[in-house]
Amino acid sequence: MKSVSLTIHSMRAFFMFFFMPVIIISCADESITSKKPVEVIDYYQFDELNLDLYEIDASIMIPNETAGIGASFGTEILHDDGDFQWQISAGRNFNLFIEDYGDYQYRMPEFLRKLESQDVFIIEIIEQKDDYVIYKRELNLTSKKSSTYHLYGVKFINGVYYEIKNKEEGDSKKVIDFILKSFLSFKSINLAL
């Protein structure tokens, strides 16, 4: 009887030392391959701007003078205390508008419906995600076509929906690429000390 229990004990030990590592490695390998690759955005030509002094508990990356879009001046934020709108400017070409919509979560679908129903401009969607859309706009009534690019997005931060967009008259594709990077960087800041 003693030899049988010793044999069972030996088999358990053999299983634990030789098969368990194989099972653990195969499970770990599955979890590694099933993860989606995370896109890393290069913020080389950007500076971080904390907005907590302007009544938003968030930060955003804004292009600096090395970006080549005329951002040679310091970043300027226009905001009146108690107001729900902000304008962030970095030179003459980079203007970003933020508006606080509180807990109202339907800004994105409303904007997309409005964009589809208008008939003054020819609209081409360049890129659309859950929280933003980039589109090209041309005036539908003229023979001379000039395109402008636009970003519209909504970020949910600390229980608040923020609408973020570029200027109404639009921007060049190069400026919109910088505005998109700024939009993607807009995130909550940790207020805990």
Would you indicate whether Tyr101, at its atom OH, is surrounded by more than 12 heavy atoms from other residues, nucleotides or ligands within a distance under 6.0 Å?
yes
Pairwise side-chain contact, Lys174 with Asn93, heavy-atom cut-off 4.5 Å (strictly under):
no
Should Asp131 and Phe183 count as side-chain neighbours, where that means a heavy-atom distance under 4.5 Å?
yes
Could you go step by step and tell me if Phe178 and Phe46 meet the ring-ring contact (aromatic ring centres under 6.0 Å, His included) rule?
CA-CA 9 Å; Phe178 281 94; Phe46 287 75; 5.6 Å; yes
Is there a side-chain contact between Glu55 and Asp100 in this structure, where contact means two heavy atoms from C-beta onward sitting under 4.5 Å apart?
no
Under the 3.5 angstrom rule, does the side chain of Ser182 hit a backbone N or O of Met61 as a donor-acceptor pair?
yes
Applying ring-ring contact (aromatic ring centres under 6.0 Å, His included), run through Tyr162 and Phe186 and close with a yes or a no.
CA-CA 10 Å; Tyr162 292 97; Phe186 188 58; 5.6 Å; yes
With no hydrogens and no angle check, is any side-chain donor or acceptor of Asp171 less than 3.5 Å from a backbone partner on Leu151?
no
List the steps, then state whether side-chain contact (heavy atoms from CB on, under 4.5 Å) holds for Ile60 with Leu96.
CA-CA 11 Å; Ile60 191 167; Leu96 192 65; 3.5 Å; yes
For the residue pair Tyr149 and Ile176, what are the closest heavy atoms and their distance?
CB-CG1, 3.3 Å
Between Lys155 and Ile164, is a side-chain contact (heavy atoms from CB on, under 4.5 Å) present by the stated rule, with each step listed?
CA-CA 8 Å; Lys155 285 277 191 176; Ile164 301 170; 4.1 Å; yes
In terms of side-chain geometry, is the basic nitrogen of Asp177 or Lys173 positioned less than 4.0 Å from the acidic oxygen of its partner?
yes
When you look at CZ of Phe156, are more than 12 heavy atoms from neighbouring residues, nucleotides or ligands closer to it than 6.0 Å?
yes
For the pair Asn50 (side chain) and Asp52 (backbone), establish whether a donor and an acceptor sit closer than 3.5 Å, ignoring hydrogens and angles.
no
Is Trp86 close to Leu78 at the side-chain level, that is, under 4.5 Å between some pair of heavy atoms?
no
Nearest 0.5 Å, please: how far is CD in Glu116 from CD1 in Ile125?
7.5 Å
When every non-hydrogen atom of His79 is compared with those of Asp83, the smallest separation belongs to CE1-O, 3.0 Å
Locate the shortest heavy-atom distance separating Ile179 from Asn95; write the atom from each residue and the value.
CD1-O, 4.0 Å
Hydrogens and angles aside, do Tyr132 and Glu127 bring a side-chain donor and acceptor to less than 3.5 Å of each other?
yes
Salt bridge or not for Glu110 and Arg107, using N-O below 4.0 Å?
yes
Any side-chain heavy atom of Ile157 within less than 4.5 Å of one from Ile56?
no
Where the side chain of Gln45 meets the backbone of Thr66, is there a donor-acceptor pair that is under 3.5 Å apart?
yes
List the atom of Pro109, the atom of Gln105, and the distance in Å for their closest heavy-atom pair.
CD-O, 4.5 Å
Keeping the roles fixed (side chain from Tyr43, backbone from Lys181), state whether a donor-acceptor pair exists under 3.5 Å.
yes
Among Ile189, Ile77, Asp57, find the one that has a side-chain contact (heavy atoms from CB on, under 4.5 Å) with Leu51.
Ile77
Any side-chain heavy atom of Val133 sitting closer than 4.5 Å to one from Phe111?
yes
Shortest non-hydrogen contact between Leu112 and Gln128, atoms and distance:
CD1-NE2, 3.4 Å
